[in-house]
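Chain naming here is simple, since letters A, B, ... match the order of the sequence lines and numbering starts at 1 in each. Since the model is a prediction, treat every value here as computed from it, not as a measurement.
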Amino acid sequence: MASSNPHKLNAGDLKEMARQIRRDIIKMLMISQSGHSGGPLGLAEIFSCLYCRILNYDPKNPTWPGRDYFFLSAGHLAPVWYAALARGGFFPVKELSTLRQINTRLQGHPAPGYTHGLPGIEIASGSLGQGMSIAVGTALGLRMDKKPNHVFVLHGDGELDEGQVWEGIMTAGHYSLDNLTAIVDRNFCQIDNRTDKVMELEPLADKWRAFRWNVLECDGHDVEDFLGAVDKAKNFKGKPTVIIAKTFMGNGVSFMQDDYRWHGVPPSIEQGKQALSELAPTKFGDFNRFEWEALQAMGAQDE
Amino acid sequence: MASSNPHKLNAGDLKEMARQIRRDIIKMLMISQSGHSGGPLGLAEIFSCLYCRILNYDPKNPTWPGRDYFFLSAGHLAPVWYAALARGGFFPVKELSTLRQINTRLQGHPAPGYTHGLPGIEIASGSLGQGMSIAVGTALGLRMDKKPNHVFVLHGDGELDEGQVWEGIMTAGHYSLDNLTAIVDRNFCQIDNRTDKVMELEPLADKWRAFRWNVLECDGHDVEDFLGAVDKAKNFKGKPTVIIAKTFMGNGVSFMQDDYRWHGVPPSIEQGKQALSELAPTKFGDFNRFEWEALQAMGAQDE
Amino acid sequence: MTMAKIESKGEKATRQGFADAIMELGRENPNVVVLGADVSPSVKVDAFAKTYPDRFFSVGIAEADMMCIAAGLSLVGKIPFASAYGEFAAGRPFDQIRQSLAYSKAPVKICASHCGITVGPDGATHQSLEDIALMRVLPHMTVICPGDYLETKRAVKASVSITHGPVYIRYFRDNSPMFTDELTAFEIGKANALIDGNDVSIIACGLQVWEAIKAAEVLHSEGISARVINMHTVKPLDKETIVKAAKETGAIVTAEDHQIHGGLGSAVAECLAQAYPTPQEFVAVNDTFGESGKGTELMEKYGIDRGSIVQAAKRVLKRKK
Amino acid sequence: MTMAKIESKGEKATRQGFADAIMELGRENPNVVVLGADVSPSVKVDAFAKTYPDRFFSVGIAEADMMCIAAGLSLVGKIPFASAYGEFAAGRPFDQIRQSLAYSKAPVKICASHCGITVGPDGATHQSLEDIALMRVLPHMTVICPGDYLETKRAVKASVSITHGPVYIRYFRDNSPMFTDELTAFEIGKANALIDGNDVSIIACGLQVWEAIKAAEVLHSEGISARVINMHTVKPLDKETIVKAAKETGAIVTAEDHQIHGGLGSAVAECLAQAYPTPQEFVAVNDTFGESGKGTELMEKYGIDRGSIVQAAKRVLKRKK
Ligand SMILES: Cc1ncc(C[n+]2csc(CCOP(=O)(O)OP(=O)(O)O)c2C)c(N)n1
Ligand SMILES: Cc1ncc(C[n+]2csc(CCOP(=O)(O)OP(=O)(O)O)c2C)c(N)n1
Ligand SMILES: [Mg+2]
Ligand SMILES: [Mg+2]
């Protein structure tokens, strides 16, 4: 199989897919009643682009050696990844309804298929700050073998408080790893408050530059802008590139938008219904397996 | 007791004291035949200035609440600290001959008096990368109590590879801790090689600036230059200041100068004698307790 | 055969006991400071942060930094409480705790919420199952794992009196039965025999104390007299109470929300091997990582619930000489 | 009563065994890569770095980074050996090892040199006395602490065959007697009874194996028949050999250069408490930090030398029923 993405959606479809991913996230969390809403919703466009246009992979053969490597360093963002993996074809979309339930594969934080997790996931995350170093290792290994595969790693902005991230960033800069692209979800929110209240990160671009990276900034909700940035990143030689993607936590749902209090809370059934009414259905279609029974059951409990 | 340094040597005497500290280091290591030569020798001027001019302390009352706080984050640099503490009056100079021996207080890496270490040492170090965070805690506590004491922390340059240092640096910047001054021993050497070979740190000043610090650079072997930098640092308001002090590893000893292979090796008896011959005796006088017997003993073993 | 029945006075989370304790301490002692690593609402330091903003330090998501900042604060007379989830309170900053807190004898309180597999849906990465082992192996460290809301509150308050080194206090996310009251004895380092018995002794800490109480009731109804010991302090270990139980009952079950290796069961086995070798069964997670699920589901699946304790007691009775 | 005498065939450092093993592995397998965190000459990866510069990665002084880089390399088919001093190989990056290596089943070899109090003059911060406890509590982890130069070399070479998770190999700085040869059995997870005996069993790992051999000679000369077991693999633990020793000798001494809590002694106590409770004495550092001094001086002062083993054997014999 030649290097390619199995979906290659156009910009319009990527936007629609982003909306579908948002619907999937809301439904997953309505059912699980546990997990993170805010960060995942803000990443719908980025994951739509990654899994339906950018990344090379074969969902039927998740360990295909020609694949690009994607690492989600901020493991709590799992819901958006699971939705994208399901939409990408790694597992049945209906399995999204099992999030965080016992004896299932959609762990609260991502686990790889060879533990008890999912195909398409290379390694565990959840404890923040480890993904950059892992990506560096993989990028070094690929370069050693003169392989063309590209490596991506996605970080939360709050996650950049962790010192290990800067160790990894420094190492990537030292080794001039231009087969590595980092994406920062710059939503200015973390658990306790906005990032400048918890731990100021600015001037963020200067930090990466001083660690020997090429820095790009983009609007993380603008599909074309993000695609363009990734294109530039992949073609930049001699340094690793970071794309600082401006996003809004909870994007797409009016009452969650840009509010750090939605970092780790699922919508109630009522809130979920409200959110879904704000996100029009798409041609890709909702998942419908255990869903309505589950909602019904919980709706009853709620009252 | 009013805020002051108990010695207040002038520039000429500080230089002579630096030479004495170098002699002390060589003798300590000749006796112990274990420990770090290179880094400590490169810091003789800085420690002479700190303990004989800059820091406020009372050697007879090491926990005097009015003292400045000094943290040696890179604990392997202990020999230069021990020499300076002894010369500062915290313990008898002759005790320097006990370095790294069992049942003594001059531990291989610094331990505070309330464990089995020395007066004048606030907290243990040796595992690299922890001192900045400790200094931040102390600076926060002092500021909370509106105390004027200043906090100093000294790092090796290689030590800056550790991510925790950047956590601490970020926190100090976030809290605008202008009662904190960091000193980086920029000798471009660490154990395995020169810093650019092991892990490139440049552009180092940009890194600190991007982490919201005021950055000064100075010649770490020029007493006036260093004193001037510390003066500026203490008077700078609104940000913590880092002084990046350019030094040479092994400075003062021709065959050690600027050679990373001297990071962690003591001089042999022969090499020690050669080093002492390059460092003229000073008016402050050598320590002479167990010394010559020990040298004799080892010289005999050596042959 | 009769047995004093221990009742639950309702449910409350042990982490709330921590939250209420630091509020009281904050009122009583101006030197009390709290550090948060961006999990303030979960670990319940938000009330303290709001009430005493000058004594709350946000350090971002940087647990290593936090532990050493706490040590630095202790050097100028502050009494720091460093809060995080168990794995990020013990495992992530282990070397920092070792050097800057334990070896340096810094009187920092490490307040570890969300411990054990019972933290539930977050899954294995967030289920701290190794922290007792990590912390009790450090010299100068005190390790406490209280059994309910009030005991957690009292442990946190009592920890202030320990000034010769750090204290690690381990507690849990979910609500759990309250079975102690102000009259229940509580002294760091002194175990509590909650139920007397002479066939077998169940030594438990944390949420497993209540499971042990319930297991003892079941055993009692089947004619087995089980002693229940609340070993809220794992270090220093109350060896006297353990040896007495071994001598008087001749069979031991330990129960904890922790890996089978290195935890409370291991501490008891070390003690008895040296003092009075006794058959012991371990109720603990059997050398495996956890997974997502509800706390109660996981307690059952991973064999650390009351039913598992009952089974273990029966097994150890068969081995008793 | 006679006893097979075990001779030392000269002295060599266990870390040299590691160094020689990776050189051979480097020759045999192009996927073998080595990571160094700026202690290359001490931990002896410098020869590998010089011979195979494309397969050596300097990560700077960043042990957390190193462990995860190693995991990342393993994802593309490399066989990474991550080298550091014990404390910085196990304690500093504990959470990283837990999530990215153990939970993720990454086949990374953690090569920990300079372990134990015997590292000597560097003092307490560099004396890794907790690493066995930390590593053996992790699921999916293999923990090996070989007894001499050759056994270290064989352990490192054999570790390549373990592909279902990480391996932690613990060894030492100083020269120590070589008492195994190519004919000595060596299999990961299978203990070696080096000397037969029926009064007491000494179960040791690392440098304490030789101390145990010497102690057995002293005991033998006093009419006490001591079995010596080289427990080079602490996890998975060879329970069969331990239980057999307990049943046949009725008294156990464990010996290790590690804290008394959580290490080999603790693993043996856990095993016997569940299988065959037996009097046991622990030769280990007694819940204290070390200090500077020569390795041999510290072994004596902190009670982990042959004399301490002899004393422990006599103590446990008194407790034997
Ligand atoms: C090492 C570690 N410390 C703490 C946590 C708890 N935690 C999970 S998400 C999070 C905040 C992350 O902020 P950010 O990366 O900005 O993600 P966002 O809130 O934007 O989704 C924290 C502190 C963790 N998972 N790992
Ligand atoms: C956490 C940790 N990792 C590794 C070491 C071993 N080590 C001691 S000094 C040193 C090099 C430090 O380099 P630098 O800070 O530049 O000091 P210099 O060589 O200039 O004296 C290393 C790697 C350590 N002490 N602590
Ligand atoms: Mg964020
Ligand atoms: Mg240096």
Side-chain angles (χ1 to χ4, degrees), chain B residues 29 31-36 73-76 78 98-112 115-117 123-130 155-167 189-201 260-261 263-266, chain D residues 35-46 49-50 53 56-69 83-93 96 114 117 119-128 173-174 288-302:
Chain B
L29 289 163
I31 299 170
S32 66
Q33 281 301 303
S34 165
H36 299 78
S73 186
H76 68 280
T98 64
L99 178 71
R100 287 180 168 241
Q101 284 166 33
I102 196 165
N103 298 322
T104 69
R105 305 193 293 177
L106 275 74
Q107 292 297 302
H109 293 81
T115 63
H116 50 333
I123 195 165
S125 58
S127 174
L128 294 167
Q130 305 186 26
H155 290 284
D157 50 1
E159 193 191 7
L160 304 180
D161 300 347
E162 282 288 357
Q164 190 195 344
V165 182
W166 297 97
E167 293 179 353
C189 290
Q190 54 194 112
I191 294 183
D192 278 9
N193 209 319
R194 298 189 65 83
T195 51
D196 63 330
K197 294 287 186 318
V198 177
M199 182 55 58
E200 179 59 87
L201 288 165
Y260 68 87
R261 287 169 303 180
H263 158 91
V265 197
Chain D
L35 294 98
D38 194 32
V39 284
S40 295
S42 313
V43 304
K44 295 193 169 288
V45 295
D46 43 356
K50 196 168 271 180
F56 176 80
F57 298 105
S58 163
V59 301
I61 312 171
E63 295 81 3
D65 195 32
M66 175 167 67
M67 291 305 163
C68 293
I69 291 177
S83 64
Y85 297 165
E87 175 56 23
F88 313 131
R92 184 67 164 240
Q96 286 80 10
H114 290 57
I117 202 164
V119 74
D122 275 336
T125 55
H126 283 54
Q127 291 161 350
S128 177
R173 181 185 183 284
D174 285 349
T288 177
F289 286 104
E291 66 175 288
S292 290
K294 295 203 186 71
T296 45
E297 290 171 347
L298 295 168
M299 270 227 253
E300 196 191 326
K301 177 166 176 181
Y302 288 84

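Judged by distance alone, with hydrogens and angles left aside, the side-chain atoms of B:Gln107 form no donor-acceptor pair with the main-chain N or O of D:Gly123 at under 3.5 Å. With hydrogens and angles ignored, the 3.5 Å screen pairs a side-chain donor or acceptor of B:His109 with a backbone N or O of D:Asp122.
Rounding to the nearest 0.5 angstrom, the gap separating the CG atom in D:Asp38 from the CG atom in B:Asp161 is 7.0 Å. Rounded to the nearest 0.5 angstrom, D:Ser42 OG and B:Ile191 CD1 are separated by 5.5 Å. Interatomic distance, B:Leu128 CG to D:Phe88 CZ, rounded to the nearest 0.5 Å: 6.5 Å.
Contacts with chain D were tallied for B:His263, B:Lys197, B:Glu200, B:Met199; B:Met199 has the most, counting heavy-atom pairs under 4.5 Å. Between chain D and the residues B:His36, B:His116, B:Arg261, the most heavy-atom pairs under 4.5 angstrom are made by B:His116.
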Kindly list each side-chain donor-acceptor pair under 3.5 angstrom involving residues 57-66 of chain D, sequence neighbours excluded, with atom names and distances?
unit_1  : atom_1 : unit_2   : atom_2 : d
D:Ser58 : OG     : B:Val198 : O      : 2.8
D:Asp65 : OD1    : A:Ser133 : OG     : 2.6
D:Asp65 : OD2    : A:Thr171 : OG1    : 2.5

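In terms of heavy-atom proximity, B:Gly108 sits nearest to D:Ser292 at N-OG, 2.7 Å.
Shown here are the side chain to side chain donor-acceptor pair (under 3.5 Å) partners of D:Ser128, two or more places apart in sequence or in another chain: D:Asp131.
Heavy atoms closer than 4.5 Å to chain D are found in both the backbone and the side chain of B:Ser127. Only the side chain of D:Thr125 has a heavy atom closer than 4.5 Å to any heavy atom of chain B. Contact of D:Lys294 with chain B is not made at all, since no heavy-atom distance falls under 4.5 Å. Proximity to chain D (any heavy atom under 4.5 Å) is restricted, for B:Glu159, to the backbone atoms N, CA, C and O. Contact of B:Ser125 with chain D is made through the backbone alone, with heavy-atom distances under 4.5 Å. For B:Gln101, the part lying near chain D is the backbone, with the side chain staying farther off; criterion is any non-hydrogen pair under 4.5 Å.
Residues D:Pro41 and B:Asp192 are in side-chain contact: their nearest non-hydrogen atoms beyond the backbone lie under 4.5 Å apart. For the pair B:Asn103 and D:Glu291, the minimum side-chain heavy-atom distance is below 4.5 Å.
Salt-bridge check for D:Arg92 with B:Glu162: passed, with a basic side-chain N closer than 4.0 Å to an acidic carboxylate O.
Heavy atoms from other residues, nucleotides or ligands lying under 6.0 Å from CD of D:Glu300 number 12 at most.
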